[in-house]
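Computation of the quantities below employed the complete heavy-atom set of this structure, encompassing side-chain atoms and omitting hydrogens, waters and symmetry-equivalent molecules. As the structure is a prediction and not an experimental result, all values here were calculated from the model. All ligand and atom numbering here is 1-based and tracks the order in the structure.
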Amino acid sequence: MDSSSIIRKTAGDLRRVPNFVDYAGERSTFSWPAVRAQFAETGFNIATHAVERHASGALRDKVAFRFLSRDKPARDVSYGELSQLTSRFANVLETLGIGRGERVFVLAGRIPELYVAVLGSLKHGAVVSPLFSAFGPEPIATRVNLGEGRVLVTTDMLYERKVAKWRDRMPTLQHVLLVAEDGGRTDVPGTLDLAVLMAEASDQCTVAATGQEEMSLLHFTSGTTGTPKGAVHVHGAVVTHFATGRYALDLHADDTYWCTADPGWVTGTSYGIIAPLLHGVTSIIDREEFDAERWYSILQDEAVTVWYTAPTAIRMLMKAGAEIPHKYRFPQLRFIASVGEPLNPEAVRWGKEVLGLPIHDNWWQTETGGIMIANTPAFDIKPGSMGRPLPGIDAAIMRHHEDGTVTPIEEPDVEGELALKRGWPSMFRAYLNNEERYRKCFAGEWYLTGDLAKRDADGYFWFVGRADDVIKSAGHLIGPFEVESALMEHPAVAEAGVIGKPDPVVGEVVKAFVSLKKGFEESEALRMELLGHARKKLGAAVAPKEIAFLPSLPRTRSGKIMRRLLKARELGLPEGDTSTLEGGA
Ligand code: AMP
């Protein structure tokens with residue numbers, strides 16, 4: 001790359017001395033056992049370090065979470081109160097007979113009860129799985145069943161719209177704990193009123209003495225085939241959350257921090273709940289969806305110092321125009337980071353121009369549990385690059401050989417699969433009940449990420465694309481198979497193939513191609529019906545935005561739908577190797 005486009009760090013970009021200034025030095029002295037030793041004495045339960053340590057010390061009265069919503073005053077929860085609320089929740093689980101390792105699912109918007117349920121479950125030693133509230137009934141039921149959920153915490157509205165009618169399809173689910181949202185009702189048959197249970201429970205409890213290898217969180221992620229994969233995380237991951245919060249987000253105890261991610265996505269848990277609490281900071285949680293004016297006003301009015309957001313959001317802010325930010329001032333804002341999709345070089349520069357700070361792109365995924373590669377305060381930014389591996393992380397670009405072996409590529413600027421040397425504490429420990437799929441992710445000591453990337457001569461990594469058909473839309477991974485299956489449930493659909501169609505704002509939008517069964521005619525009315533059918537089953541976050549009819553879909557000789565070919569045709573790109581195409585060359 002042209003060195004003039006590098007964004008050099010200036011005193012103005014680093015409004016205080018960062019935690020991380022010496023990249024090579026810190027990497028050479030860093031050791032996971034040394035960081036882990038700081039945690040070992042008080043055990044590895046995430047809630048001990050995130051909540052109890054502060055609640056029983058100097059930060060007892062400090063605000064841990066400030067919950068914002070459009071039509072209610074802000075609700076501040078101190079570390080002390082968070083300790084009491086999470087103890088109450090842990091005691092509720094105890095009363096319901098929920099044991100260590102049993103699964104609690106949470107389906108809610110970003111309301112206080114979600115955060116209390118997540119941390120209270122961890123405190124109790126239960127395993128917690130936050131689900132996107134934008135999921136439809138189908139993805140919810142699939143995940144609850146895969147995870148053998150025993151408890152579901154949700155709101156009256158979400159229960160009525162997405163769970164009640166499907167409840168008998170979730171046989172493991174014993175208790176639904178209902179939160180009355182905005183004056184809603186909780187006297188719903190088959191559910192329990194969470195507020196009543198909380199009021200009856202004690203606000204004191206003993207934190208479960210979970211070991212570092214004990215399961216803590218279950219996060220679902222999508223593959224190209226089959227059901228979603230449940231990535232199993234452990235309490236020992238707390239060590240990575242702490243270290244990366246320090247290196248990649250530059251968290252200091254006096255920060256006001258805003259992570260815009262929803263806890264239904266791993267970022268909203270690792271960095272929307274755990275890492276900021278570990279550092280004893282105050283977190284802003286906004287319940288509302290994206291709104292440019294609102295977001296700038298939050299940055300200003302809450303005096304946010306560290307902001308962690310996503311490329312789609314940044315592109316939406318860019319699209320909203322430069323006039324809005326000019327009405328606001330952000331003198332406290334010190335550090336901006338983003339994750340989830342490639343961050344365009346223009347977006348990095350836009351940050352510098354409009355917010356006065358460059359945006360630090362970083363890379364990780366559900367399976368890694370924490371940030372692995374990042375632009376950090378310790379070195380200049382090459383816009384468009386996702387940065388360099390953090391201390392404790394070894395990354396490589398791998399070449400796949402015809403004999404099935406995989407070796408690191410030493411030369412710079414060569415494309416291959418991004419891999420990480422196993423051993424960092426937050427690495428996923430399994431795909432739930434799918435040992436085979438887990439094993440396939442590893443080649444010896446290397447974890448293969450499924451992403452294609454390059455490394456340049458200065459050790460910066462550059463994202464190239466996914467090695468598979470998984471779709472990234474507005475930062476969310478969407479498995480084409482899950483969407484195809486839902487479409488196939490419609491009586492008119494014979495076959496369905498789903499691709500990600502490039503989009504300037506959200507990265508990719510989900511587009512489906514369907515062929516119809518005999519006796520059905522394509523029509524605009526049917527297209528609308530299919531869009532509605534998919535949206536009802538899958539929810540707005542996953543459903544296709546576009547559907548096109550084809551007489552038949554291209555398949556390999558072995559019968560697999562060739563999504564790659566559908567995509568190439570859609571984009572007018574060369575069709576590549578079609579030798580396996582059924583009836584083809
Ligand atoms: P998820 O597991 O849902 O967090 O998605 C992880 C995937 O998002 C990665 O495997 C990448 O494909 C993509 N991703 C995450 N961060 C970045 C980034 N900074 N640049 C490009 N792609 C990213």
### Query
Can you list the residues that meet the side-chain contact (heavy atoms from CB on, under 4.5 Å) rule with E508, with sequence neighbours excluded?
I471, K472, K567
### Message
For W364 together with W424, are the ring centres under 6.0 Å from each other?
### Response
no
### Query
Does the gap between the ring centers of Y308 and Y257 come in under 6.0 Å?
no
### Query
With sequence neighbours excluded, what pairs up with A134 under the side-chain contact (heavy atoms from CB on, under 4.5 Å) test?
A541
### Task
Name all pairs fulfilling the salt bridge (Lys or Arg N to Asp or Glu O under 4.0 Å) condition that reach into residues 360-379, sequence neighbours left out, sorted by first residue then second.
none
### Message
Which protein residues come within less than 4.0 angstrom of ligand 1, counting heavy atoms only?
### Response
W265, V339, G340, E341, P342, D361, N362, W363, W364, Q365, T366, D451, F463, R466, K472, L477
### Message
Take a 6.0 Å sphere around NZ of K536 and say whether it holds more than 12 heavy atoms from other residues, nucleotides or ligands.
### Response
no
